[in-house]
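Some notes on the structure that comes next.
We number each residue from 1, following the sequence as shown. Numbering of ligands and ligand atoms starts at 1, following listing order. These values consider heavy atoms only, across backbone and side chains, with no hydrogens, waters or symmetry-generated copies.
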Amino acid sequence: MLKSEYLQRVYTQAVTRDPDQREFHQAVLEFLESLDQIIDQHPEYEKKGIVETFVEPERVITFRVPWVDDQGKVQVNRGYRVQFNSSIGPYKGGLRFHPTVNLSILKFLGFEQILKNSLTTLPMGGAKGGSDFDPKGKSDEEVMRFCQSFMTELQRHIGQFVDVPAGDIGVGAREIGYLFGQYRRVRGTYAAGVLTGKGLSFGGSLVRTEATGYGLCYLTQEMLSKMKGDSFQGKTVVISGSGNVAIFACQKATELGAKVVALSDSNGYIHDPKGIDLDVVKDIKLGHRGRIKEYADRVPGSTYTEGFRGIWNVPCDIALPCATQNEIDGEIARTIVKQGTIAVAEGANMPCRPEAIQEFQHAGVLFAPAKAANAGGVATSGLEMSQNSMRYAWSFEEVDRRLKTIMTNIFHNIYTAAGECGKPGDLVLGANIAGFMKVADVMLSQGLI
Ligand code: NDP
């Protein structure tokens, strides 16, 4: 129950309007609980209707995506783009291709994206999109035909000054290439800035592939240093997932002196007490889109266990959930706390349920929420857009330096905001408030409502 009657009304309306959208309600409630702590100091938000406007997307686009499979049969998926908020810049946010995709998940992701993009300090609004299409097990030709059909419709809703999609679960370099090719064909224009996460030879940015995982570690390192006088050096790390975010978080944590001992996919997890051999993981995952199980067949001394949640029984100093939403519930969180973990940082979006976050915060475990901790991906997408506008490419070192600066600044901004709200160290509060106030001020000054 929220203290503020106004915020409670906003929440009730969001739930009543879309009673089935549980993930979206969860994200909105977490945000409103933070806002509840400062709303008394901002009567203008209620007077101008800012919060009820903020939780309603500016536009939701739904469309059919027909495509032909390798057997010549027509398949039909559903495509979406949720254009949530464009106050501080063109809509920006990834595309997710996964069978679980629905409007609730995309609205939660789009909502979080507004706050995350605001925290990067770059001029990007919030959006998210995708489809219930599953690229897993499909041939390259099927994926290409699907992407072409998806973009045939999406192209009329996006543009470098309108909405700039990128990748997410199930959408990597291959899919972005097919999507970009179709945009170029249909529009008859070479607008590199319309998508980010592109291949390096057609307008992509160095470090974009590594950015979310690297950024997660940069922010975690800063949090450990400022809040505990500590670092990754000599720490044991567990990372869930084995996709784009997990792989490059594993690489950077290792470079920073930690030992990563476990990774997972949706079927199960591997445990390698000597430390994960990332070359083997990259060969399996990036080389031939294999399953993480193969690792245990190839690396002596490592084990594979069925069931992806079991990974959290592996003791660690630092936990980096990098797979998907709501992976860690209260019970798993208690296990993580009991093992003496000192920090949890979210690489995936909303991997920890609210009761899990409470467990961590009560136990004094440092906790970095996704909207700050995984903002490195979209921040580097923002840098890709800058390079596309300049028609120029920065070096790896230059982009990496900018990414590190952005992540360090995000940590300090949210840390300061939490302190100013009278809750030092509550980075969930700090991220929600710092992200929101900037957008709310712009909404007020632009007279959007
Ligand atoms: P990938 O598709 O590259 O990898 C996803 C990983 O998570 C895979 O190992 C996958 O296993 C696992 N996974 C996916 N769904 C489930 C599930 N329902 N249960 C268990 N495991 C699952 O995606 P990314 O690495 O790009 O994204 C991971 C997370 O990070 C997502 O929450 C995404 O929104 C977030 N994120 C990504 C950014 C990026 O730049 N890529 C930026 C910011 C956030 P399997 O192969 O078996 O499906």
*Quick one: list whatever passes ring pair (Phe, Tyr, Trp, His ring centres under 6.0 Å) with Phe202, sequence neighbours left out.*
Phe180

*Considering the options Tyr183, Phe133, Tyr178, Phe97, which one meets the ring-ring contact (aromatic ring centres under 6.0 Å, His included) requirement together with Phe150?*
Phe97

*Take Lys92 and Gln113, measure what side chain to side chain contact (heavy atoms under 4.5 Å, CB included) needs, and give me the verdict at the end.*
CA-CA 8 Å; Lys92 180 90 195 89; Gln113 197 80 46; 5.7 Å; no

*How far apart are the C-alpha atoms of Val171 and Arg96, what are their side-chain angles, what is the distance that settles it, and do they pass the side chain to side chain contact (heavy atoms under 4.5 Å, CB included) test?*
CA-CA 6 Å; Val171 180; Arg96 178 177 291 193; 5.8 Å; no

*Can Tyr91 and Arg59 be said to form a side chain to side chain contact (heavy atoms under 4.5 Å, CB included), step by step?*
CA-CA 11 Å; Tyr91 305 107; Arg59 192 172 299 103; 3.2 Å; yes

*Protein residues near ligand 1, heavy-atom distance below 4.0 Å?*
Arg96, His98, Lys136, Asp168, Ile169, Gly170, Arg208, Thr212, Gly241, Ser242, Gly243, Asn244, Val245, Ser264, Asp265, Ser266, Arg291, Phe308, Cys322, Ala323, Thr324, Gly347, Ala348, Asn349, Asn374

*Taking only Lys NZ, Arg NE, NH1 and NH2, and the carboxylate oxygens of Asp or Glu, determine whether Asp272 and Lys274 approach each other closer than 4.0 Å.*
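Salt bridge flag = yes for Lys274 with Asp272.
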
